[in-house]
Amino acid sequence: MSLIEKLQWRAAVKQFDSSKKISAEQLDNLLSAVQLAPTSLGLQSFKVILVQDAETREKLRAAGYNQAQITDSAALFVFASLTNLDEQFGKSFIDLVASVRNIDRASLEGYEQMVLGTLSSRTEEQKLEWSHKQAYIALGVLLSAAADSGIDAAPMEGFDAAKFDEILGLKEKGLTTTVIAAVGFRSEDDQYSKMTKVRRSKEELFLHV
Ligand SMILES: Cc1cc2nc3c(=O)[nH]c(=O)nc-3n(C[C@H](O)[C@H](O)[C@H](O)COP(=O)(O)O)c2cc1C
């Protein structure tokens, strides 16, 4: 299948086959894709919590409008944004760049000033909004990577973020829930994935200048 055919195949599955487990290799492949997602300035100001524990997922389902995908998928990906993008966060990122590329940290002075300047010029609210956007890019990469591997991934915004934060103890970790994705394999009974995709025409969607 071509990538476009795989994207035609993918669907926001509502009914997962809970008997189908995802292998460690398949899961790790998806994690690699999320890890490689691009982010603004490369900061990756979010974390992804992988929830497979059944009891926790029952609680999350109650906080997610009782959506069955939360408990019946093989794994739940919770994208959570960092709430404290302070100077230390910016500096530690520059440390990472210097160490990964094995370059003198002093040569990154300009880059560091840009990162720190960007962080200090924004309010806490603006930085959180910014982080949420980065997490959504990672979600998009996850959806495409899953489709590429024949794995279902259902993106979801229908949940109470404050309750998710509480159940997962995210506040103490300096995180807050952005968006989630249920990952696994569709049930043969899933009707949604059998429906024709509804998309606006290219004429409506794209403007050529
Ligand atoms: C960010 C985001 C949040 C979504 N939230 C939910 C949700 O909470 N529950 C749900 O059943 N579907 C949810 N959807 C699925 C969309 O309704 C679905 O992607 C859209 O109708 C297109 O269908 P398709 O993904 O199968 O092509 C969400 C999709 C996105 C991208």
Side-chain angles (χ1 to χ4, degrees), residues 1-18 20 22 26 30-31 33-34 36-40 44-52 56-82 128-168 170 175-206:
M1 273 205 276
S2 68
L3 177 61
I4 298 302
E5 285 167 335
K6 287 171 178 174
L7 292 175
Q8 278 285 354
W9 169 85
R10 74 142 294 281
V13 167
K14 312 297 175 211
Q15 217 176 327
F16 280 84
D17 182 342
S18 56
K20 289 190 180 159
I22 191 164
Q26 285 171 317
L30 295 180
L31 300 193
V34 170
L36 287 167
T39 55
S40 186
Q44 295 180 293
S45 54
F46 58 83
K47 291 189 189 289
V48 183
I49 301 103
L50 293 176
V51 191
Q52 289 181 281
T56 307
R57 290 213 279 168
E58 282 297 342
K59 289 183 198 158
L60 293 175
R61 177 170 170 166
Y65 304 107
N66 197 31
Q67 295 195 77
Q69 304 94 304
I70 296 174
T71 50
D72 299 351
S73 54
L76 186 72
F77 282 52
V78 177
F79 292 81
S81 298
L82 295 174
L128 184 57
E129 183 61 27
W130 190 42
S131 294
H132 284 321
K133 289 178 187 169
Q134 313 310 316
Y136 271 88
I137 295 170
L139 169 74
V141 173
L142 170 70
L143 301 184
S144 301
D148 184 53
S149 305
I151 296 169
D152 283 302
M156 298 164 73
E157 278 178 328
F159 59 86
D160 182 328
K163 285 189 185 152
F164 262 56
D165 291 355
E166 197 184 315
I167 294 163
L168 296 170
L170 297 186
L175 293 164
T176 186
T177 308
T178 301
V179 66
I180 64 176
V183 172
F185 301 93
R186 65 188 66 175
S187 159
E188 279 176 16
D189 297 332
D190 181 64
Q191 295 306 313
Y192 186 79
S193 52
K194 293 177 185 149
M195 291 164 86
T196 307
K197 262 199 192 311
V198 178
R199 292 294 191 269
R200 295 184 195 278
S201 70
K202 285 181 180 161
E203 287 71 27
E204 185 182 352
L205 192 58
F206 301 107

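Order of listing sets the numbers, starting from 1, for every ligand and every atom in it.
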Peer 1: Tell me whether K197 contacts the main-chain N or O of M195 through its side chain, where contact means a donor paired with an acceptor under 3.5 Å.
Peer 2: no
Peer 1: Side-chain donor-acceptor pair under 3.5 Å between S187 and D190, yes or no?
Peer 2: no
Peer 1: CG of L175 to CD1 of I49: how many Å apart, nearest 0.5 Å?
Peer 2: 5.5 Å
Peer 1: Using heavy atoms and a cut-off under 4.0 Å, could you grab the residues that are in contact with ligand 1, chain by chain, numbers ascending?
Peer 2: R10, A11, A12, K14, Q67, Q69, Y136, P155, M156, E157, G158, Y192, K197, R199
Peer 1: Apply ring pair (Phe, Tyr, Trp, His ring centres under 6.0 Å) to F159 and list each qualifying residue two or more places apart in sequence or on a separate chain.
Peer 2: F164
Peer 1: Around atom NZ of K202, are there more than 12 heavy atoms of other residues, nucleotides or ligands at under 6.0 Å?
Peer 2: no
Peer 1: Are more than 12 heavy atoms, taken from residues, nucleotides or ligands other than K47, located less than 6.0 Å from that residue's NZ atom?
Peer 2: no
